[in-house]
Amino acid sequence: MNRSRALSTLTIIPVKKRSTPLKNVFLALGFLLVTGLLSACNLNLVVDQGYVLSGSLDQDTGFVVDNIVDVYLNGVVVESRTSDGREEVSPIYFEANQGDELVLRVRNRDFLSDCRLDQVYLRDSLGNSISVTSGFSATLCDTGVVFTSRSLTIPF
């Protein structure tokens with residue numbers, strides 16, 4: 001057999017490399033990392049952010065309530081604050097999303113007494129703010145009755 005004929009009949013057989021368990025783990029972690037980064041870049045990704053209800057544009061200022069203020073988010077109570085009369089309560093912090101429905105309800109716990117809620121602002125972690133209510137008061141409120149309710153769709 002001549003040398004040129006031997007080279008022409010030579011067949012190259014690819015050798016399949018074996019995967020090791022450690023290599024598979026790194027591939028899986030890489031896939032998860034890339035998938036997570038791509039998901040985080042998606043503009044439609046819904047991420048909870050921090051909000052605060054306060055008595056002024058300063059998020060550390062409380063507000064006056066007489067007697068009970070309940071905070072609902074999408075129909076579920078997320079916070080309830082009670083005062084012993086006309087007292088300032090501390091700001092209310094909670095997690096929510098743009099488009100969630102926020103409701104403030106004021107109830108009385110005393111028989112035929114005054115009810116009150118001062119102005120309340122909603123502020124997000126980026127500094128956006130909006131007035132939820134300019135405040136309101138009533139006299140001779142009955143025990144446990146919701147005397148006022150304010151709602152809004154979180155705009156930011």
Side-chain angles (χ1 to χ4, degrees), residues 17-156:
K17 293 183 180 180
R18 290 187 179 180
S19 292
T20 62
L22 188 56
K23 183 178 177 182
N24 291 339
V25 168
F26 283 121
L27 287 172
L29 289 174
F31 175 76
L32 291 174
L33 178 64
V34 170
T35 304
L37 289 173
L38 291 175
S39 294
C41 292
N42 182 356
L43 296 178
N44 294 324
L45 183 65
V46 176
V47 178
D48 285 350
Q49 68 173 340
Y51 290 89
V52 61
L53 292 167
S54 62
S56 74
L57 294 176
D58 172 11
Q59 68 184 25
D60 297 323
T61 302
F63 53 92
V64 174
V65 63
D66 186 2
N67 290 112
I68 303 167
V69 60
D70 298 317
V71 179
Y72 292 79
L73 191 62
N74 299 322
V76 177
V77 176
V78 294
E79 186 73 39
S80 185
R81 296 283 173 90
T82 303
S83 69
D84 289 330
R86 192 170 291 176
E87 294 179 353
E88 184 174 299
V89 296
S90 59
I92 298 173
Y93 294 87
F94 61 97
E95 298 289 317
N97 296 304
Q98 181 180 8
D100 284 350
E101 185 69 23
L102 178 70
V103 176
L104 295 181
R105 288 192 181 136
V106 177
R107 296 182 288 132
N108 190 25
R109 70 177 193 172
D110 304 321
F111 181 68
L112 298 178
S113 66
D114 294 346
C115 299
R116 177 178 169 176
L117 180 66
D118 280 357
Q119 185 165 15
V120 177
Y121 291 90
L122 173 68
R123 182 180 169 111
D124 71 1
S125 56
L126 300 175
N128 298 309
S129 62
I130 188 171
S131 177
V132 177
T133 178
S134 59
F136 39 84
S137 64
T139 57
L140 301 176
C141 299
D142 203 358
T143 305
V145 173
V146 173
F147 89 91
T148 193
S149 181
R150 295 290 192 259
S151 67
L152 80 120
T153 301
I154 296 177
F156 41 78

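The figures here come from the full heavy-atom set of this structure, side chains too, leaving out hydrogens, waters and symmetry mates.
Without hydrogens or angle criteria, R81 side chain to S90 main chain gives a donor-acceptor distance under 3.5 Å. Formation of a donor-acceptor pair under 3.5 Å by the Q98 side chain with backbone atoms of P155 is found in this model. Checked by atom type and distance alone, the side chain of R86 never pairs as donor or acceptor with a backbone atom of V65 at under 3.5 Å. In this structure a side-chain-to-backbone donor-acceptor pair under 3.5 Å is missing from N97 to D100.
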(request) May I have the step-by-step check of side-chain contact (heavy atoms from CB on, under 4.5 Å) for F94 and V52, ending in yes or no? (result) CA-CA 6 Å; F94 61 97; V52 61; over 6 Å; no

(message) Evaluate V103 against V71 for side-chain contact (heavy atoms from CB on, under 4.5 Å), listing each step before the verdict.
(response) CA-CA 6 Å; V103 176; V71 179; over 6 Å; no

(message) Evaluate V89 against V64 for side-chain contact (heavy atoms from CB on, under 4.5 Å), listing each step before the verdict.
(response) CA-CA 6 Å; V89 296; V64 174; over 6 Å; no

(request) Please step through side-chain contact (heavy atoms from CB on, under 4.5 Å) for the pair I68 and S80, ending with a clear verdict. (result) CA-CA 7 Å; I68 303 167; S80 185; 3.8 Å; yes

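Here the closest non-hydrogen pair linking S149 and R105 is OG-CG, 3.4 Å. The two atoms that bring R107 and D70 nearest to each other are NE-OD2, 2.6 Å, heavy atoms only. In plain terms, the two heavy atoms of P91 and T61 that are nearest each other are CG-O, 3.5 Å. In this structure, F156 and D124 approach most closely via the heavy-atom pair CD1-OD2, 3.2 Å. Between I92 and E79, the closest heavy-atom pair is CG2-CG, 3.5 Å. Between Q119 and T133, the closest heavy-atom pair is CG-O, 3.1 Å.
Expressed to the nearest 0.5 Å, how far CG of D66 lies from SG of C115 amounts to 6.5 Å. Atom CG of residue L122 and atom OG of residue S129 lie 8.5 Å apart, to the nearest 0.5 angstrom. To the nearest 0.5 Å, atom OH of residue Y51 and atom CZ of residue R123 are 13.0 Å apart.
Tested against Y121, the residues L53, I130, L57 include a single side chain to side chain contact (heavy atoms under 4.5 Å, CB included) partner, L57.
In this model, a donor atom of one side chain and an acceptor atom of the other lie less than 3.5 Å apart for T153 and E101.
Counting heavy atoms from C-beta on, the side chains of Y72 and L102 never come closer than 4.5 Å.
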